[in-house]
Amino acid sequence: MAIDRKKQILEAATNSFSLFGYKATTMDQVAKLANVGKGTIYTFFKNKEELFDEIVSSLINEMKLEAEEVIDTEASFSVNVHHALFRILEFRKEHKLTIKLYQEAREMGTPAVSEVIDRMEKVVIDFLSLRIEKAISSKAIKPCNPEMTAFVMLKLYVSLIFDWERAHGPLDKDEIANLFELYLIKGLSS
């Protein structure tokens, strides 16, 4: 019964954060959506921040699983990185909570939300850094700073998927893969 209540609360809070954002979500709203008393929430979570943290941790784990699912041990480094980044950013575009969090961070600059965005970005960079280190070890790519390279890869993908789309329309998955290959793997030098 306790697990069901906790799950109920987490689902209600996720819906509330997805609809209203972090700042506008209250424990009263969550209690109402979960159909429980506010005191019941406090038996599981000390405060809104702790509740939000558990939801975000679950979201990050889900995002990492999505990226890991598209990794093919037979594929090249660039193909795997492309698939993983594309899937992570698709997840970000499709998941209601991530959409709302990025919107709130951009429009309101809510500190707790900005911290979550930074945390999500760090997880992606760590995920990529590990793969870059392995690619360096296997001589699939040149020696480089794995963390910085992961940062550049992530930012290129974000730019191609979100920023380019605003002014020029969306690029398809193959176009993005080709650009990624051209700019990061092969380079522009002839």
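Note that the structure is a prediction, hence the values are computed from the model and not measured.
The side-chain heavy atoms of H83 and K173, taken from C-beta on, include a pair separated by under 4.5 Å. Side-chain contact between K186 and F180: absent, with no pair of heavy atoms (C-beta onward) separated by less than 4.5 Å. With contacts defined as side-chain heavy-atom distances shorter than 4.5 Å, the pair F20/K100 does not qualify. Two residues are said to be in side-chain contact when any heavy atoms from C-beta on lie closer than 4.5 Å; K38 and V30 fail this criterion. At least one side-chain heavy atom of Q8 sits under 4.5 Å from a side-chain heavy atom of R5.
Residues Q29 and S16 share a closest heavy-atom pair of OE1-OG, 3.4 Å. When all heavy atoms of K23 and M108 are compared, the pair lying nearest together is CD-CE, 3.4 Å. Counting all heavy atoms, side chain and backbone alike, S114 lies closest to A105 at OG-CB, 4.3 Å. Nearest heavy atoms, T40 versus V36: CB-CB, 4.0 Å. For I99 against K93, the heavy-atom pair with the smallest separation is CD1-O, 2.9 Å. Nearest heavy atom pair, residue G21 against residue T25, reads O-OG1, 2.7 Å.
Under the rule for a ring-ring contact (aromatic ring centres under 6.0 Å, His included), the partners of F91 that lie at least two apart in sequence or sit in another chain are H95.
Under a 4.0 Å N-O distance rule, the pair K155/E121 qualifies as a salt bridge. Ion pairing between R92 and E66 fails under the 4.0 Å rule for side-chain N and carboxylate O. For E147 and K122, the salt-bridge test fails: no basic side-chain N is under 4.0 Å from an acidic carboxylate O. Note on D53 versus R119: salt bridge recorded, some NZ/NE/NH1/NH2 to OD/OE distance being below 4.0 Å. Look at R87 and E90 and you find a salt bridge, because one of the NZ, NE, NH1 or NH2 atoms lies within 4.0 Å of a carboxylate O, short of that distance.
The same ILVMFWY cluster, assembled from side-chain heavy atoms under 4.5 Å apart, contains both L179 and F162. In the hydrophobic cluster analysis, where Ile, Leu, Val, Met, Phe, Trp and Tyr join through side-chain heavy atoms closer than 4.5 angstrom, L33 is grouped apart from L19. The hydrophobic clustering, which links ILVMFWY residues whose side-chain heavy atoms are closer than 4.5 Å, places V158 and F151 together. Residues M27 and I55 share a single hydrophobic cluster, defined by chaining ILVMFWY side chains whose heavy atoms lie under 4.5 Å apart. Y183 and I176 fall within a single hydrophobic cluster, where Ile, Leu, Val, Met, Phe, Trp and Tyr are joined by side-chain heavy atoms under 4.5 Å apart, directly or via other members.
Considering I88, T149, L85 in turn, L85 is the only one that fulfils the side chain to side chain contact (heavy atoms under 4.5 Å, CB included) rule with L154. Of the options D72, T73, V70, a side chain to side chain contact (heavy atoms under 4.5 Å, CB included) to N80 is made by D72 and by none of the others.
Aromatic ring centres of Y157 and F86: separated by at least 6.0 Å.
T43 OG1 to I9 CD1: the interatomic distance, rounded to the nearest 0.5 Å, is 6.0 Å. For the atom pair CG of L171 and CG of N178, the computed distance is 10.5 Å after rounding to the nearest 0.5 Å. Once rounded to the nearest 0.5 Å, the distance linking CG of L65 with CD1 of I60 reads 12.5 Å. Here the CZ atom belonging to F52 is positioned 10.0 Å from the OG atom belonging to S57, to the nearest 0.5 angstrom. Taking CD1 of I132 as the reference point, atom SG of C144 lies at 6.0 Å (rounded to 0.5 Å). From R166, atom CZ reaches atom CD1 of I161 across 12.5 Å, with rounding to the nearest 0.5 Å.
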**Prompt:** Given the rule in the side-chain contact (heavy atoms from CB on, under 4.5 Å) test, do K6 and E54 qualify, once you have shown the distances and angles that lead to the verdict?
**Reply:** CA-CA 11 Å; K6 185 175 181 181; E54 183 155 336; 3.3 Å; yes
**Item:** Intermediate values then yes/no, side-chain contact (heavy atoms from CB on, under 4.5 Å), M153 and H82
**Value:** CA-CA 9 Å; M153 287 177 167; H82 165 65; over 6 Å; no
**Request:** Show your working on side-chain contact (heavy atoms from CB on, under 4.5 Å) between L59 and T14 and close with a plain yes or no.
**Result:** CA-CA 10 Å; L59 178 75; T14 300; over 6 Å; no
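Proximity of a side-chain donor or acceptor of K48 to a complementary backbone N or O of Y22 within less than 3.5 Å is detected.
In the model, E50 has no side-chain atom that pairs as donor or acceptor with a side-chain atom of Y42 under 3.5 Å.
Judged by the 6.0 Å and 45° rule, R131 forms no cation-pi pair with F77.
Around the NZ atom of K64, the shell of radius 6.0 Å holds no more than 12 heavy atoms that belong to other residues, nucleotides or ligands.
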